[in-house]
6 protein chains.
Amino acid sequence: MRLLIVNVNTSTAITRALAEQARAVARPGTEVEGLTPRFGPESVEGNFESHLAAVAVMDRVMTYERPYDAVIQAGFGDHGKEGLQELCPTPVIDITEAAAHTACLLGHRYSVVTSLDRTVPMIRDRLTLAGLHTRCASVRASGLGVLELESDPTAAARAVAHQARAAVERDGAEVIVLGCGGMAGMELTPEDTAGAPVVDGLTSAVALAESLVGLGLTTSRVRTFAVPRPKSVTHWPLSPALETPHHP
Amino acid sequence: MRLLIVNVNTSTAITRALAEQARAVARPGTEVEGLTPRFGPESVEGNFESHLAAVAVMDRVMTYERPYDAVIQAGFGDHGKEGLQELCPTPVIDITEAAAHTACLLGHRYSVVTSLDRTVPMIRDRLTLAGLHTRCASVRASGLGVLELESDPTAAARAVAHQARAAVERDGAEVIVLGCGGMAGMELTPEDTAGAPVVDGLTSAVALAESLVGLGLTTSRVRTFAVPRPKSVTHWPLSPALETPHHP
Amino acid sequence: MRLLIVNVNTSTAITRALAEQARAVARPGTEVEGLTPRFGPESVEGNFESHLAAVAVMDRVMTYERPYDAVIQAGFGDHGKEGLQELCPTPVIDITEAAAHTACLLGHRYSVVTSLDRTVPMIRDRLTLAGLHTRCASVRASGLGVLELESDPTAAARAVAHQARAAVERDGAEVIVLGCGGMAGMELTPEDTAGAPVVDGLTSAVALAESLVGLGLTTSRVRTFAVPRPKSVTHWPLSPALETPHHP
Amino acid sequence: MRLLIVNVNTSTAITRALAEQARAVARPGTEVEGLTPRFGPESVEGNFESHLAAVAVMDRVMTYERPYDAVIQAGFGDHGKEGLQELCPTPVIDITEAAAHTACLLGHRYSVVTSLDRTVPMIRDRLTLAGLHTRCASVRASGLGVLELESDPTAAARAVAHQARAAVERDGAEVIVLGCGGMAGMELTPEDTAGAPVVDGLTSAVALAESLVGLGLTTSRVRTFAVPRPKSVTHWPLSPALETPHHP
Amino acid sequence: MRLLIVNVNTSTAITRALAEQARAVARPGTEVEGLTPRFGPESVEGNFESHLAAVAVMDRVMTYERPYDAVIQAGFGDHGKEGLQELCPTPVIDITEAAAHTACLLGHRYSVVTSLDRTVPMIRDRLTLAGLHTRCASVRASGLGVLELESDPTAAARAVAHQARAAVERDGAEVIVLGCGGMAGMELTPEDTAGAPVVDGLTSAVALAESLVGLGLTTSRVRTFAVPRPKSVTHWPLSPALETPHHP
Amino acid sequence: MRLLIVNVNTSTAITRALAEQARAVARPGTEVEGLTPRFGPESVEGNFESHLAAVAVMDRVMTYERPYDAVIQAGFGDHGKEGLQELCPTPVIDITEAAAHTACLLGHRYSVVTSLDRTVPMIRDRLTLAGLHTRCASVRASGLGVLELESDPTAAARAVAHQARAAVERDGAEVIVLGCGGMAGMELTPEDTAGAPVVDGLTSAVALAESLVGLGLTTSRVRTFAVPRPKSVTHWPLSPALETPHHP
């Protein structure tokens with residue numbers, strides 16, 4: 001089967017890292033394709049960026065020309081999964097939900113450690129809509145932006161470990177979710193998390209996507225995620241209509 | 001003061017209707033400007049369309065060149081308000097929330113009557129995130145699409161009245177919210193709603209926008225709606241980079 | 001239009017202060033009338049006092065003899081709004097709800113700073129019934145009673161600012177609501193609130209009352225707030241039957 | 001021990017009926033005293049009447065001159081319990097809460113059958129604040145007013161039985177709560193309730209009051225129900241200051 | 001009437017202590033019988049032990065040969081009450097629920113102080129299912145195991161008092177619930193709890209059991225707690241089929 | 001890897017059917033072992049049976065002598081998963097939770113169709129504790145017992161289809177969960193469910209178990225699911241101590 005891993009930002013380096021991480025856990029026979037949006041922000045840390053990235057992700061998937069079996073939206077706490085579900089005939093997995101579902105199978109309550117304070121409410125909102133908030137003990141911010149998490153893995157791991165331990169010791173967490181695409185591949189020791197297992201959204205999403213495909217299940221077309229009604233949509237998809245950008 | 005009323009679909013006829021309705025309730029001294037997105041769907045009835053419209057709305061406001069005092073996003077149940085709040089220095093009012101806040105001031109519970117069954121979960125989700133769901137008795141669909149509501153006002157009013165009465169008599173509603181931009185200006189008699197007052201999102205939003213401006217209040221910059229961090233955002237805003245569309 | 005601002009305690013000085021504050025934000029053409037209950041406590045800081053004040057407020061409004069367009073109940077966290085809604089043909093606005101509605105338009109979560117610890121649960125209960133609690137980050141007590149807040153504005157502002165900052169920094173608040181009528185007119189700097197905007201219940205209520213009147217909306221008579229059934233009510237209203245009090 | 005049963009309306013016939021019903025279940029050694037408010041409505045069916053009755057109840061208890069061990073507020077869905085808790089040194093039991101607590105001990109979910117449709121939201125609100133709503137399957141109205149329930153017991157029982165069966169068969173109720181003081185002493189057969197046991201608020205309250213007194217427990221004075229702070233309360237209690245009413 | 005107090009662990013010393021404590025508050029005429037399970041753990045501090053104890057409790061009651069009027073399951077936070085309700089014709093009272101119901105009658109919010117950190121989520125889950133969680137301010141662990149609480153009453157009281165004060169001062173509790181059978185008979189001063197009254201599950205359960213029996217009420221047989229359908233149940237009850245154990 | 005599928009009832013025929021169904025979806029390399037409890041009920045349809053089965057399941061797994069990689073508890077809506085998680089070093093998957101997690105990935109809301117009305121509250125309770133209830137539109141009963149579902153597949157499918165369509169058309173479900181082990185292998189057409197995809201607990205559990213094992217994740221030992229403390233547990237495990245039963 002072929003899985004599309006769609007990065008939410010325009011960094012091809014991050015896309016490559018995500019694809020590698022996905023390949024590392026994919027079953028034999030699963031092919032992973034990483035896709036980078038053709039427009040939008042270089043990192044997603046707020047609502048405007050997330051809304052724009054949502055459309056850029058849909059645009060990228062809609063202009064992908066080969067067959068695929070499932071789509072993974074690789075932005076933690078980001079918008080757009082619902083629209084993607086309407087557009088794709090295959091299962092669509094959001095890494096936020098994938099991580100939370102997996103965490104719920106491992107402990108009584110879980111906490112998310114993310115990048116900046118400002119993304120905490122976004123993540124809470126996504127979990128609330130997904131109906132996965134009642135077992136979320138807390139969402140904590142490491143204080144590092146997405147690109148800082150990428151660029152200094154040691155500092156990143158230290159900041160994340162600090163919040164992870166606080167989540168276990170003060171908030172009642174029993175499982176830690178890495179709440180940022182930029183944490184892909186971060187290695188934490190049991191000490192770092194006061195013994196709590198660590199769940200990563202992307203690898204969880206790969207496993208869930210493989211499961212759904214294996215079970216022959218896909219998105220319900222009843223009501224919410226029905227195919228969009230036929231109508232005029234000006235300039236859609238957007239990327240073919242965009243002039244070559246003048247900035248590098 | 002100048003209020004921007006941003007339509008979420010590309011129909012200039014609807015934009016004109018919205019602006020007229022807004023002007024009819026605006027105070028003396030309030031100037032209303034209707035804006036139409038430069039790309040996106042001709043009507044918004046699902047998640048994909050709503051996500052795309054959210055970005056088209058932000059794009060339209062970002063490329064508006066005159067000063068303004070508040071922005072009203074005129075799509076019922078639609079995405080994007082949070083991003084707009086980050087981008088605009090002024091208050092941003094979403095008509096879904098405006099209607100629900102107003103309805104809460106008038107009765108113990110309210111119901112929303114909207115267009116299609118598939119938009120019901122979208123509206124519920126917006127109300128849940130806005131924290132306005134606990135007094136929502138029900139969201140009911142008239143079964144008519146946005147453009148059908150526009151084009152046959154008599155049939156539309158009949159279908160809405162049918163659901164409104166059911167909401168009052170079976171669901172415990174005491175106030176009826178018109179849950180679709182296409183219902184702008186719909187006239188319902190007390191009989192149509194079993195005596196319940198009718199709240200319209202756009203006119204409620206105009207009044208709330210005027211109130212906030214009058215009180216000198218605007219969006220908090222603490223955390224969630226802080227101005228986006230400076231970063232590279234490829235092709236943003238999108239519309240200047242879009243080639244002239246080839247379809248009318 | 002004429003707005004009635006009904007104080008919940010018997011202090012005419014506070015009534016005057018409330019009326020002044022209301023006039024300062026009222027639109028041209030809005031006339032503000034301050035009313036003082038004819039019996040009840042000199043300040044409301046608990047449930048007994050609040051229940052008694054609720055009836056004294058209704059009594060005062062019922063014995064007011066001129067026409068009016070809306071009623072504002074000016075007690076934060078107090079009982080009685082529902083009864084008043086049944087009795088008055090006009091909109092009735094409660095300052096607790098007005099403040100919370102306004103705060104929801106400005107930030108993701110808000111906190112209330114009130115007078116005494118014992119009123120915290122009362123305020124929480126009012127917000128819960130109003131369906132406005134899910135976005136309330138916390139209700140914090142300044143530790144000062146209503147009359148202390150009145151009498152020493154400097155100490156009051158310092159105590160409120162201390163709690164406001166804690167709400168922003170520890171509880172996740174993005175907006176601060178002044179949760180006591182005795183805080184009317186309190187001036188807080190952005191520093192005092194760690195940058196969060198400050199919402200006042202009375203001025204919010206004035207704006208909302210003007211909005212509803214402007215939109216031609218009033219309380220639904222369906223079910224909860226229907227006019228009371230005709231029946232014998234001994235000694236109602238109470239004040240005409242009360243002998244002249246012997247204490248000043 | 002001596003229990004005060006305080007009627008919420010001014011009908012001495014109802015007070016007598018309540019006291020009799022209480023005596024029928026009270027333990028040997030428990031003395032029951034029925035009290036009638038000195039002002040207020042002849043029946044409580046809405047918020048205004050309930051708020052007024054709340055104060056009339058407090059007034060009546062405050063002017064009672066003998067010692068007592070517990071107070072029972074005998075109005076279903078009514079306001080005022082919290083104020084009474086502040087004023088009385090003894091336990092205070094509200095019949096709404098007493099019934100719901102008892103029902104929770106008997107089945108997975110319970111339904112309330114009350115008088116009029118307009119009191120349904122009042123009862124729901126009381127249960128919500130009491131934290132007893134999550135196991136409430138429904139609150140249903142018999143359609144009969146309080147005095148009609150009193151005056152025609154056969155019609156009343158038939159109307160209540162109709163709703164009770166609907167609650168069991170359609171709403172998932174396993175226990176039926178009689179939700180109106182006017183239903184005191186109503187006899188329902190197992191057939192009337194599709195086999196569900198019937199819980200009455202007043203008798204439940206008597207048993208709970210006896211239990212608390214027996215265990216030596218009373219209201220916590222920490223925070224919410226602390227004794228009111230010393231302050232000037234004009235005309236309180238109200239009844240001594242009321243002139244003899246001129247209507248019978 | 002005869003009440004069965006069923007210990008959840010195999011310690012006959014604890015059974016005796018429970019029975020004594022129950023007798024101390026039982027009314028004249030109430031006979032208390034303490035029962036000890038015939039298999040299972042010597043103390044219950046986790047889910048496995050609680051599940052096993054649930055069955056051992058049912059087994060013990062099913063093999064009790066004399067008539068009884070009510071059953072009290074004397075394990076705090078433990079499983080099994082629902083099964084017992086199906087099996088017994090009489091009321092069944094769980095001490096967790098009994099304590100929470102009683103605490104709700106005394107203050108606005110209550111906290112539970114229990115033994116170990118690992119039992120906190122178990123207690124929360126029981127309260128959630130019982131619909132009694134919304135007024136629970138916190139569940140705190142003393143850090144002492146069940147048998148440690150038994151064996152060193154002074155250290156136990158000190159540890160419990162420490163958490164009780166924290167619950168009142170930091171979590172908003174107004175009532176303290178002793179959340180472990182091993183705390184039976186613990187004496188706490190008002191100072192120990194910052195003035196909050198102390199509720200014990202077992203004595204509360206005795207009072208509630210006596211109340212239900214006095215009112216002639218028992219478990220509803222509609223739906224959830226209907227008598228089990230006739231079917232083959234291998235080895236049930238278990239204890240008669242168990243060989244004499246070889247360990248003491 | 002080796003998966004243990006533990007039936008909750010004593011029917012070896014059902015155990016065989018479960019194992020076959022699991023093998024049909026298991027990946028190459030996954031070995032499935034079906035286990036039957038050594039005591040307990042022949043079918044689980046209520047709380048007593050479920051509590052007893054929970055212990056019988058733990059007993060069976062504890063006396064299993066070969067290595068295994070994950071355990072699946074194959075009773076829908078049943079107790080005991082938490083205890084099993086403490087006892088097993090591997091992941092433990094409950095089919096109720098597995099089905100609900102999977103359903104959440106496919107549609108906005110799901111409904112469960114189960115056997116008897118009396119098991120509906122049990123299933124609701126399990127979903128509530130698992131934090132998976134907010135997206136559950138309804139739990140509906142087919143009216144057939146577990147063994148009837150087994151014995152007459154055609155009647156069973158018809159009864160389930162009837163409720164499934166009602167769930168989609170009236171309750172807002174977009175996905176149907178088969179809520180009973182006895183429905184294993186039931187074939188429903190898209191017409192049967194008004195187009196909604198059908199999720200089965202056992203096959204979902206197999207896929208999730210394989211996913212967790214593949215990701216190297218197992219139950220958190222922090223707090224709730226820590227290994228039981230060392231202590232005396234009389235007669236545990238139970239089955240070795242049970243005499244040969246005299247009934248067949």
Side-chain angles (χ1 to χ4, degrees), chain A residues 25-28 82 85 91-94 97-98 100-110 128-136 168-169 172-176 190 193-200 203-204 206-212 214-226, chain F residues 25-28 82 85 91-94 97-98 100-110 128-136 168-169 172-176 190 193-200 203-204 206-212 214-226:
Chain A
V25 300
R27 304 184 203 173
E82 295 88 349
Q85 285 182 295
V92 173
I93 307 284
D94 171 86
E97 296 183 16
H101 283 297
T102 301
C104 285
L105 297 171
L106 301 179
H108 196 268
R109 294 177 86 195
Y110 68 92
T128 296
L129 287 190
L132 292 164
H133 56 302
T134 63
R135 291 173 66 194
C136 178
V168 171
E169 286 157 13
E174 304 183 357
V175 181
I176 296 298
T193 63
V198 176
V199 170
D200 169 79
T203 53
S204 300
V206 169
L208 289 174
E210 289 176 327
S211 293
L212 293 184
L215 293 170
L217 292 168
T218 191
T219 306
S220 171
R221 297 302 155 201
V222 173
R223 198 170 292 117
T224 308
F225 303 125
Chain F
V25 300
R27 302 186 205 173
E82 295 87 350
Q85 284 182 296
V92 173
I93 307 283
D94 170 86
E97 296 184 14
H101 283 297
T102 301
C104 285
L105 297 170
L106 302 178
H108 196 268
R109 296 177 85 195
Y110 68 93
T128 297
L129 287 191
L132 292 164
H133 55 304
T134 64
R135 289 173 67 193
C136 179
V168 171
E169 286 156 12
E174 303 183 357
V175 181
I176 296 298
T193 63
V198 176
V199 170
D200 168 79
T203 53
S204 300
V206 169
L208 289 175
E210 289 177 326
S211 293
L212 293 184
L215 294 170
L217 292 168
T218 190
T219 305
S220 171
R221 297 302 156 204
V222 173
R223 199 172 290 116
T224 308
F225 304 123

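Just so we're on the same page: letters track the sequence lines, and every chain starts at 1. Because only heavy atoms are used, hydrogens play no part in the values below, and waters and symmetry mates are left out as well, while side chains stay in.
Of the listed residues F:E97, F:E82, F:R27, F:H133, the one with more heavy-atom pairs under 4.5 angstrom with chain A than any other is F:R27. The most heavy-atom pairs under 4.5 Å with chain F, out of A:T203, A:V25, A:V92, come from A:T203. When each of F:A100, F:C104, F:A130 is checked for heavy-atom pairs under 4.5 Å with chain A, F:A130 comes out on top. In terms of non-hydrogen atom pairs under 4.5 Å with chain F, the most contact-rich of A:S204, A:P197, A:G216 is A:P197. For the options F:L105, F:I93, F:T134, F:V175, heavy-atom pairs under 4.5 Å to chain A are most numerous at F:L105.
Contacts of F:V206 with chain A are absent, with no heavy-atom separation under 4.5 Å from either backbone or side chain. For A:L215, the part lying under 4.5 angstrom from a heavy atom of chain F is the side chain only. Heavy atoms closer than 4.5 Å to chain A are found in both the backbone and the side chain of F:T219. Contact of F:A173 with chain A is made through the backbone alone, with heavy-atom distances under 4.5 Å. The part of F:Q85 that comes within reach of chain A is its side chain, from C-beta onward, which places non-hydrogen atoms under 4.5 angstrom from that chain. Using a 4.5 Å cut-off between heavy atoms, A:V168 touches chain F through backbone and side chain atoms alike. Residue contact with chain A, scored on non-hydrogen atoms closer than 4.5 Å, is absent for F:A98. With a 4.5 angstrom heavy-atom cutoff, A:A194 touches chain F only via backbone atoms. For F:R109, no part lies under 4.5 angstrom from a heavy atom of chain A.
The minimum heavy-atom distance between F:S211 and A:A207, with the atom names listed, is OG-O, 3.5 Å. Smallest separation of non-hydrogen atoms from A:L217 and F:V198: CD2-O, 3.6 Å. Residue A:R135 comes nearest to F:L129 through the heavy atom pair CD-O, 3.9 Å, listed as atom of the first residue, atom of the second, then distance.
Counted by atom type alone, F:T224 and A:E174 present one or more donor-acceptor pairs between their side chains at under 3.5 Å.
Looking at residues two or more places apart in sequence or on another chain, you find a salt bridge (charged side-chain N to carboxylate O under 4.0 Å, His left out) between F:R223 and E:D117. By the side-chain hydrogen bond (donor to acceptor under 3.5 Å, both in side chains) test, A:S220 pairs with no residue at all, sequence neighbours left out.
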Inset, instruction - Go through the steps for A:L106 and F:L212 under the test side-chain contact (heavy atoms from CB on, under 4.5 Å), then give the verdict. - result: CA-CA 9 Å; A:L106 301 179; F:L212 293 184; 4.1 Å; yes

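Using cut-offs of 30° and 60° on the angle between ring planes, the pair F:F225 and A:H108 is tilted.
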